[in-house]
Engineer: 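My questions all concern the structure below.
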Amino acid sequence: MPATPPRPLDPELRARLLEEARTPWRGLRRGLWFAFTASAAIGLATMAMRLSAGAELASGDLVIQGGALLIFGVLLWRDR
């Protein structure tokens, strides 16, 4: 019984598989960057509202939230 030769892979599927091999877990990574960016933005907005209401806040906390928003925003943007 002769073996049938393998059918060539669909070019679109092949391109998608090669892209996934180059950048594995891209969807999960982008989801995490988005979640972290949103969390930092909500935290910064909460701190800004507390400051506008007259509550005292450690300036270090504000810097940490701003830095987190900047870092995760850049990571999300770079992972496009």
Side-chain angles (χ1 to χ4, degrees):
M1 179 182 255
T4 59
R7 291 186 1 221
L9 204 54
D10 179 35
E12 185 178 309
L13 177 62
R14 184 176 189 279
R16 195 174 67 192
L17 289 172
L18 285 173
E19 180 67 26
E20 178 66 26
R22 271 185 242 127
T23 58
W25 304 100
R26 186 175 192 189
L28 177 64
R29 210 173 45 239
R30 290 197 66 191
L32 285 173
W33 295 148
F34 180 77
F36 292 153
T37 303
S39 174
I42 291 170
L44 192 60
T46 302
M47 287 183 173
M49 283 188 256
R50 288 179 63 196
L51 276 175
S52 69
E56 289 189 25
L57 212 67
S59 63
D61 292 346
L62 197 59
V63 170
I64 289 171
Q65 282 299 121
L69 181 62
L70 179 69
I71 289 170
F72 290 128
V74 167
L75 286 172
L76 180 63
W77 182 76
R78 264 192 90 208
D79 204 18
R80 289 188 290 150

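What you see is a predicted model; the values in this text were computed from it and never measured.
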Engineer: Which residues pass the side-chain contact (heavy atoms from CB on, under 4.5 Å) test with E19, sequence neighbours left out?
Structural biologist: R22, T23, R26
Engineer: Share the residues that join I64 in a hydrophobic cluster, the rule being Ile, Leu, Val, Met, Phe, Trp or Tyr side chains under 4.5 Å apart at the heavy-atom level.
Structural biologist: none
Engineer: Can you list, by chain and residue number, the hydrophobic cluster partners of L44 when the side-chain cut-off is 4.5 Å?
Structural biologist: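 Under the 4.5 Å side-chain rule, L44 groups with M47, L51, L57, L62, L69.
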Engineer: Strictly by side chain to side chain donor-acceptor pair (under 3.5 Å), give each pair with a member in residues 62-78 just once, sequence neighbours left out.
Structural biologist: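 Applying side chain to side chain donor-acceptor pair (under 3.5 Å) to every pair that reaches into residues 62-78, excluding sequence neighbours, yields nothing.
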Engineer: According to salt bridge (charged side-chain N to carboxylate O under 4.0 Å, His left out), who are the partners of R29, at least two apart in sequence or on a separate chain?
Structural biologist: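 Listed in chain order: D79.
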Engineer: Listing request: all ring pair (Phe, Tyr, Trp, His ring centres under 6.0 Å) pairs with a residue in residues 23-66, at least two apart in sequence or in separate chains.
Structural biologist: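 Residue pairs passing ring pair (Phe, Tyr, Trp, His ring centres under 6.0 Å), neighbours aside: F36-F72.
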Engineer: With T46, which residues qualify under side-chain contact (heavy atoms from CB on, under 4.5 Å), at least two apart?
Structural biologist: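 If we apply the side-chain contact (heavy atoms from CB on, under 4.5 Å) test to T46, skipping adjacent residues, the hits are I42, R50.
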Engineer: For the hydrophobic clusters of this structure (ILVMFWY residues joined by side-chain heavy atoms under 4.5 Å, transitively), does one cluster hold both L75 and L70?
Structural biologist: no
Engineer: Report the distance from atom CD of E20 to atom CG of L18, rounding to the nearest 0.5 Å.
Structural biologist: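 Atom-to-atom, E20:CD and L18:CG are 11.0 Å apart.
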Engineer: Could you list the residues that satisfy salt bridge (charged side-chain N to carboxylate O under 4.0 Å, His left out) with D61, not counting sequence neighbours?
Structural biologist: none
Engineer: Using a side-chain heavy atom cutoff under 4.5 Å and only I, L, V, M, F, W and Y, what cluster partners does L9 have?
Structural biologist: L13, L17
Engineer: Using the salt bridge (charged side-chain N to carboxylate O under 4.0 Å, His left out) rule, collect all pairs that involve residues 4-18, keeping only residues at least two apart or in two chains.
Structural biologist: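 Counting only pairs at least two positions apart or across chains, no salt bridge (charged side-chain N to carboxylate O under 4.0 Å, His left out) contact touches residues 4-18.
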Engineer: With R80, which residues qualify under salt bridge (charged side-chain N to carboxylate O under 4.0 Å, His left out), at least two apart?
Structural biologist: none
Engineer: Keeping to residues at least two apart or across chains, list the salt bridge (charged side-chain N to carboxylate O under 4.0 Å, His left out) pairs with something in residues 68-77.
Structural biologist: none
